[in-house]
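In this text, all values refer to a predicted model and were calculated from it rather than measured experimentally.
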Amino acid sequence: MGSSEVRSPGWDAAVRAAVAQGLVSAEQPVAGLLDVAGIRAAARALREAFAEVGADGAGVLHAFAVKAASLVPVLRLLAEEGLGCEVASPGELALARAAGVPPERIVLDSPAKTEAELREALALGVAVNADSREELARLDALTRPDMPAGSGRHPGSSLGVRVNPQIGGGSIGALSTATETSKFGVALRDEGARAWLVSAYLERPWLTRLHAHVGSQGCPLELLAEGVRITYELAEEINELAGRQQVDTVDIGGGLPVNFASDAITPSHRDYARLLAATVPGLFDGRYRLVTEFGRSLLAKNGAVLARVEYAKTAGGRRIAVTHAGAQIATRTVFAPGSWPLRVAAYDAQGRPKRGEPVTQDVAGPCCFAGDLVAVDRVLPPLAGGDHVALLDTGAYYFSNHFAYNSLPRPGIYGYVADAGDAADAVDAAGARGVRFAPVRTPQTLAELVAESGGGHAGALSALR
Ligand SMILES: *Cc1c(COP(=O)(O)O)cnc(C)c1O
C-alpha cells in the first residue's frame, strides 16, 4: 500500500480532543478511540438492511460476535440498538451477561465447549450450536428428561448444529472456515455426513436450528451467500422429511469483509442482505427466523488506535518513526502485514493533522523485536518525537486481541461523541472542538500487570526445594 490516502478527516476532532484532554500523553502513550455515534449508525444500518429484505422484528436476531470487541460498554451500546451477542467462551458469555444482554439474545458457538459450558448455557436459556458429532452426543445426555434435578434445560434454549458447507476459502487462510478440511462444524460433503446429519435431526425433535459461518475478511460476498444457500437447502430437506417446520431458525454467521483502504463502507450490510435475498429468497418468506453474527463489519471503521511517536530516527538510510502502537495492540497487522494492512494518519504534538512534504518512512511499535512494524515504506508527513499517529479502522479485533509482549499494559479505550448543537462549533481553550469522552476500559496499571504476571506468588518457586 503506497498510500496517498493517509487522512480520515472524521477522526481529526476526536484526535485533537483526545490529546488536549490528556487521554494520550507521555504517561499513557497509546489509547483506543471508539466513535459511539458511528457504532449506533452501523447497528441501525444492519437492522435496516435486513428489514428491507423482509427480516424484521421478532424474525431476526443480530448477534454481535463478541470476540470482535470484547468490551462490556460496547455490548451494552449494541444491545440498546437491538443487537444480541454471539459468544464462544465462558469469558465472552460473562461479558454479554455483564452488559445486561438477556440469554434469549445470546448464541453460544465454539468448537471446544466443555460439558460445564453446555450445562450453563442450557440452564440459562442461551441458544447453542453444536460443532461436532461428539458435542451432539453430549447434548443428548444433557437434554434427557431423566436428568437430575437442578441440571435442567431452560425452555428458551434452542439448539442446532453448525455445518461446514465446504465451499472453499477466501484470501486469508486463517479466517476461512468453510474449506474442505476446516476445523469447524459438521463437514457436510464428507462421505455419509449429510445423511447422518439429516437423521440426527429427525431423531431429535429438539434440534431446531442450523448454523453456518463461512468466513470473514477476505471472503467474497458470493461465497458467503453460497454457504447460506447450502445451509438453507439442508433446512428445507430436514423439514420436508420431518413433515413439519422442525428447523425454524437459520443462523447465517457473520463475516462481511471490511474495506481497510479508504473511508468507504464497502461492501455494506445492505449489499449483502440484497445478495442473500436474491440468492436464497426462501429464507426471507417468513417461514424462518434468522440469526446473524457480524463482528468486524459493525466495529472496524468506528475505532482508531492513537499513539505518541516517541522518537524518529534513521538507520542505513531508512527512516523510522518509533511509536507506542505495535504488536501489543496491532498484533495481526504486525505478524501478517500482507493480510492486515492499516492506514496510518499523522498528527502533530497537539493532535492536529501533521503538515510537511510527505516522505517515505516506516512506522514501528515499541516491542523489542525487529519486525514490530505497523507500516513499511509509508508516505507520510515527516514524523518527529512528540507527534501522534492514528491507526485507522481498528475498532474491531484490535481492542480485543491484545498481546502481552514485553509486558506492555493494555491501553485505555474511550468512546466519544461530538457535542451537539452550539457546542459542536465551540472551540475550547486548547483549540479542540467539543468532543466528550467516556471510559470504556481504563488503562491497565503496572500493579495489575505485576499481579497477572504472578506477582502474588513471587516466592513460590524458591519454596520448591
Ligand atoms: C468470528 C465469528 C463471527 C464474526 O466474524 P466477523 O468476520 O467479525 O463478522 C461470527 N460467527 C462465528 C461463529 C465466528 O467465529
Check your understanding: Is there a donor-acceptor pair closer than 3.5 Å between any side-chain N or O of Y201 and the backbone N or O of V161?
Key -> yes
**Study point:** Side chain proximity check, V74 to I413, heavy atoms < 4.5 angstrom
**Key:** no
Practice item. Examine distances only and state if a side-chain atom of S199 and a backbone atom of A195 form a donor-acceptor pair shorter than 3.5 Å. Key: yes
Revision key, fill the gap. Note: P366 and L408 closest approach over all heavy atoms is CG-CD1, 3.8 Å
Exercise for review: For the residue pair L33 and F437, establish whether any side-chain heavy-atom pair is separated by less than 4.5 Å.
Suggested key: yes
**Study point:** Whether N239 side chain and V247 backbone form a donor-acceptor pair below 3.5 Å
**Key:** yes
Point to revise | Reported CG-to-NZ distance for the pair L392 and K301, which is rounded to 0.5 angstrom | key: 8.5 Å
Review point. Side-chain contact, heavy-atom cut-off 4.5 Å: D35 with W11?
Key: yes
Exercise for review: Using a 4.5 Å cut-off on heavy atoms from C-beta on, say whether the side chain of Y398 contacts that of T333.
Suggested key: yes
Point to revise | Ionic contact status for R229 with E233, cut-off 4.0 Å | key: yes
Check your understanding: If you measure only the distance, is there a donor-acceptor pair under 3.5 Å linking the side chains of H211 and E293?
Key -> yes
Review point. Is a salt bridge present between D419 and R436, judged by a nitrogen-to-oxygen distance below 4.0 Å?
Key: yes
Check your understanding: Where do L298 and I39 land on the side-chain contact (heavy atoms from CB on, under 4.5 Å) test, with the steps shown first?
Key -> CA-CA 7 Å; L298 284 162; I39 295 171; over 6 Å; no
**Study point:** Basic-acidic side-chain contact under 4.0 Å: K113, E135
**Key:** yes
Check your understanding: How many angstroms lie between CH2 in W206 and OG1 in T143, if you round to the nearest 0.5 Å?
Key -> 4.0 Å
Practice item. State the CG-CD distance between L197 and E237, to the nearest 0.5 angstrom. Key: 9.5 Å
Check your understanding: Does NZ or CZ of R441 fall inside the cone over F399's six-membered ring, less than 6.0 Å from its centre and within 45° of the axis?
Key -> no
Exercise for review: For the pair R410 and E448, find out whether any cationic side-chain nitrogen is under 4.0 Å from an anionic carboxylate oxygen.
Suggested key: no
Revision key, fill the gap. Rounding to 0.5 Å, atoms CD1 (I167) and CG (L224) come to a distance of 7.5 Å
Check your understanding: Once you round to the nearest 0.5 Å, how far does OG of S110 lie from CG of L118?
Key -> 8.5 Å
Check your understanding: Just by modelled atom types, is the A58 backbone N or O under 3.5 Å from a matching donor or acceptor in the R289 side chain?
Key -> yes
Review point. Can we call the ring centroids of H269 and F294 under 6.0 Å apart?
Key: yes
**Study point:** Polar contact flag, side-chain donor to acceptor under 3.5 angstrom, Y347-D12
**Key:** yes
Exercise for review: Answer with yes or no whether the side chains of S158 and R209 bring together a donor and an acceptor at under 3.5 Å.
Suggested key: yes
Practice item. Check for a donor-acceptor pair, side chain of N302 on one end and backbone N or O of V36 on the other, with a separation under 3.5 Å. Key: no
**Study point:** Closest non-hydrogen atom pair, V440 against G415
**Key:** CG2-N, 3.5 Å
**Study point:** Derivation and outcome, side-chain contact (heavy atoms from CB on, under 4.5 Å), residues V228 and T279
**Key:** CA-CA 9 Å; V228 174; T279 311; over 6 Å; no
Point to revise | Atom CD1 of I265: over 12 foreign heavy atoms under 6.0 Å | key: no
Point to revise | Sidechain-backbone polar pair: Q246 side chain, R244 backbone, donor-acceptor under 3.5 Å | key: no
**Study point:** Considering all heavy atoms, the nearest I172-Q217 contact
**Key:** CD1-O, 3.7 Å
**Study point:** Donor-acceptor under 3.5 Å (Q166 side chain, L188 main chain)
**Key:** yes
Exercise for review: Quick one: closest heavy-atom pair of S89 and L108, and the distance?
Suggested key: N-CD1, 4.3 Å
Point to revise | Side-chain (E117) to main-chain (T114) donor-acceptor, under 3.5 angstrom | key: yes
Check your understanding: If we ignore angles and hydrogens, is there a donor and acceptor under 3.5 Å between the side chains of T331 and Y405?
Key -> no
Practice item. Can you measure from CG (L210) to OH (Y288) and round to the nearest 0.5 angstrom? Key: 8.5 Å
Point to revise | Passing option when L61 is tested against V107, L290, D251, T249 for side chain to side chain contact (heavy atoms under 4.5 Å, CB included) | key: V107
Exercise for review: Determine, step by step, whether F260 and W340 satisfy the side-chain contact (heavy atoms from CB on, under 4.5 Å) criterion, reporting the C-alpha distance in whole Å, the side-chain angles of both residues, the deciding distance to 0.1 Å, and the verdict.
Suggested key: CA-CA 8 Å; F260 286 94; W340 302 103; 4.2 Å; yes
Check your understanding: Charged N to carboxylate O under 4.0 angstrom, R274 versus E52?
Key -> yes
**Study point:** R97 CZ: over 12 foreign heavy atoms closer than 6.0 Å
**Key:** no
Study note, to complete from the structure: Nearest heavy-atom approach of E92 to A88 is OE1-N, 2.7 Å
Exercise for review: Determine yes or no for a side-chain-to-main-chain donor-acceptor pair under 3.5 angstrom, with H213 supplying the side chain and G254 the backbone.
Suggested key: yes
Practice item. Considering non-hydrogen atoms only, spot the tightest contact between P411 and V30 and give its length. Key: CB-O, 3.4 Å
Exercise for review: Might you work through the side-chain contact (heavy atoms from CB on, under 4.5 Å) test for L373 and V334, ending with a clear yes or no?
Suggested key: CA-CA 6 Å; L373 302 167; V334 167; 6.0 Å; no
Exercise for review: I would like to know whether E115 and R119 meet salt bridge (charged side-chain N to carboxylate O under 4.0 Å, His left out); could you show each step before the answer?
Suggested key: CA-CA 6 Å; E115 196 176 309; R119 217 180 269 279; 2.7 Å; yes
